[in-house]
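In what follows, chains are A, B, ... by sequence order, proteins preceding strands, each numbered from 1.
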Amino acid sequence: MPESAAGPAEVLLKVDGLRITVGGERTEAVRGVSFEVRRGEAVGIVGESGSGKTLACRSVLGVLAPGCAVSGGTIDFDGTSLVGLPRRGWEQLRGTRIAAVFQDPASYLNPSYPVGHQLAEQLRVKHGRARRDARADAVRLLAAMGLHDPERVYRQYPHQLSGGMLQRVVLAIAVSGDPELLIADEATTALDVTIQAEVLELLAGLRAERGLAVIAVSHDLAVIAEFCDRVLVFYAGELVEAGPTQAVLHAPRHPYTEALLRVASVGSWERRSLAVIDGQPPHVGAELPGCRFADRCAFATQQCRTRPVALTEQPDGRSVRCRRVDELALSGAGAATAAGAAS
Amino acid sequence: MTHASLTDTSHTDTSHTDTTELADTSQSGVLAQPYAGPGESGGPDPAGTLLRVEGLGVSFAQPGGRRRVRVLDDVALTVRAGEIVGIVGETGSGKTTLARAIAGLTAPDRGRVHLAGEDIAGLRGRARRRFRRVGAIQFIFQDPLRSLDPALTVGTSIGEGLAIAGSGSRAQRAERVADALRQVGLDPAVAGRLPAQISGGQRQRASIARAVISDPALLLCDEPVSALDASNRNHILLLLDELRQRLSVGIAVISHDLSTLAGIADRVVVLYRGRVVEDGPIAEVFARPRHPYTALLIASAPDIHGRDRHAAARLRPVGTSRDPASRRTGECVFAHRCRFATDACAETPPRRAATDHPGGDWVVACHHADTWRDELDTAPAPAASRKDFPT
Ligand SMILES: Nc1ncnc2c1ncn2[C@@H]1O[C@H](COP(=O)(O)OP(=O)(O)O)[C@@H](O)[C@H]1O
Ligand SMILES: Nc1ncnc2c1ncn2[C@@H]1O[C@H](COP(=O)(O)OP(=O)(O)O)[C@@H](O)[C@H]1O
Ligand code: SF4
Ligand code: SF4
Ligand SMILES: [Mg+2]
Ligand SMILES: [Mg+2]
């Protein structure tokens, strides 16, 4: 936990008013997103596919695809401004102080070299270890990632390893430089559930061990609930709700968060109600005069559709982008179902 | 790969797989009659049993080698008319192979597949073609583009079988397509669109329409919602639930995700490395699984209200698990990852009725099904959730 007797930990990453355009300048896929990550804190980003989660992460890593660009806002990492940072600056940050793991570990490894060599190479070139030490350190790191027989894994090629083992190797590479911030974008989505649990536990362990701050992205609320201190809910390129994970998941204050919770696999295994959100999110970049969720919102009024809605700070420490936040008494579907499960 | 130890050395020539589509009507001159359905065929199965799979085995030739890899071993399951059976298992456990073998797309080398009393695994030649033409079993894939041709309008794809069979007039066929679209909750106007012009969720509905137009007895859905977000997933699951009630169709839903099945399935079949390790009523299985692997699956699933990490950790082996490649012939398939393995587990555990379910509606394949929990309760909780994490 980032909070201690000495007060909240220092801010490590500050994203302010971030805007990202894709495929031509007019299409704004991330529309003024602001958030902070403190040292050692785990922040989760959830939202439907296409809501801008990956773009936001990639901009923090400085690896936006061609055709995508930061068109507004600032990103500050421990005093360094990341927007427009020259290549030399990135070399001192990426893979060292900021690291990342994605959904498809295989594509981040070279298929023609044993995985251990790739890890040792990283330790040697990027982190200046002597060749001999690099090998020993690599084996130790592989073991620390929960890989059994690390000596053998060291010599294996990517195609010889399962998805879960590959993700552990990529995690080993990511944390080899003792980063301060780890970005995990759908890092466990492709894994079998028993392996996902192990990798999530490993991530939680790494956090505790190393005081690592994490930005975890998932379309699955339950994965975020597993180990994030705070959660950011994205909808159609905007932040619609942000706050402490448990508070947000137990008592959502934005109608979209509540809808997400209702459709998610909540608590009870025995029988889950199958709720749906009618309609589709607006097209990426659509310019709407009012709330972007209005077409799917059960509480929408005429005003919602015609006037822009601001993200407002709530007395309970949350931020919510809903004009009716004070009048709505949302069900907190998650909590209701949990009670049902207990009976 | 890690299956080396699963090989057996039989050389029976059953490896040819047949990849023709199920609803292949190209041989047909007349519209096949809807499948007679269970109960009317006078088969040996108890009332209501639509699909009965027994002792099913599938093996594949290893590339280049003479050895065969056993992918399914002694698989048994049943699906009743109007019932939804979930089939869950990790990647590579054999779920897709099982569905393909049931549908006759992959030839099993052992066992029987009875549909309404008729042994369909044994069908050959003309009988097999006739069976396929009837369309009694329909497949729904994860990617609807496997059943919807991207170059054809949705309506053409859905009505393809009827058109090839030359059944009815153009107008009548169009009406049946519109009907099928309404059945799955789509506007009949969607018939005129191309698959690329509708959303992923709508495409999956359209592929379900294509399946239900031939009035099938059994739907095999292989990861039907894995590519969809939670809301669209629930839309499709609700639709399947509605179809089984309205059409009395039996449905097998394959998923690697328990929460997908929790919403709709009546029973769950848990597959591990090609064997059924547990099969029972889903709510009861989820509440109190009898097999250590099922228990691990459930304890590993992330939960919005916080998962008990110790629960999962207590089900994992103390120390690190053995390399799956080290599996000994005849050993329990789960032994290399099982915390409760003993010397007895060197022998494949038989499937046995759960002690309090003597009727056989809940079966478990574990030597220690009745006792592993006792050990669990007395075992000290591991100090950390990851023992092998250095401190
Ligand atoms: N390289 C790209 N070119 C064009 N559009 C893109 C690109 N990357 C993302 N987008 C668009 O931006 C939106 C947000 O994408 P993304 O951040 O990947 O969403 P998420 O990760 O939340 O699923 C999507 O609508 C997507 O189509
Ligand atoms: N046509 C085939 N030839 C050889 N091996 C196959 C073939 N199809 C599947 N397999 C193997 O059988 C095992 C089970 O595969 P599959 O049924 O696709 O599992 P699942 O659907 O549960 O992920 C895997 O190890 C896979 O590699
Ligand atoms: S602003 Fe209006 S439309 Fe938007 S979420 Fe709130 S109530 Fe719904
Ligand atoms: S038979 Fe033995 S190894 Fe297999 S699941 Fe039961 S206790 Fe574990
Ligand atoms: Mg993404
Ligand atoms: Mg499969």
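No part of A:A208 comes within reach of chain B, as not one of its non-hydrogen atoms sits under 4.5 angstrom from that chain. Heavy-atom distances place no part of B:S226 under 4.5 Å from chain A, backbone and side chain included. When heavy atoms are compared at a cutoff of 4.5 Å, A:Q160 does not approach chain B at all. With a 4.5 Å cut-off on non-hydrogen atoms, A:S49 does not touch chain B at all.
Looking at B:D279 and B:R290, no side-chain N of the basic residue comes within less than 4.0 Å of a carboxylate O on the acidic one, giving no salt bridge. Ionic pairing of B:E90 and B:K95 is not present here: no N-O contact between side-chain nitrogen and carboxylate oxygen is shorter than 4.0 angstrom.
Counting non-hydrogen atoms of other residues, nucleotides and ligands closer than 6.0 Å to CZ of B:R288 gives a total of 12 or fewer.
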Working note: A:R253 + A:E241, criterion salt bridge (charged side-chain N to carboxylate O under 4.0 Å, His left out); need CA distance, chi angles, decisive distance, verdict. CA-CA 8 Å; A:R253 298 200 60 193; A:E241 179 160 3; over 6 Å; no
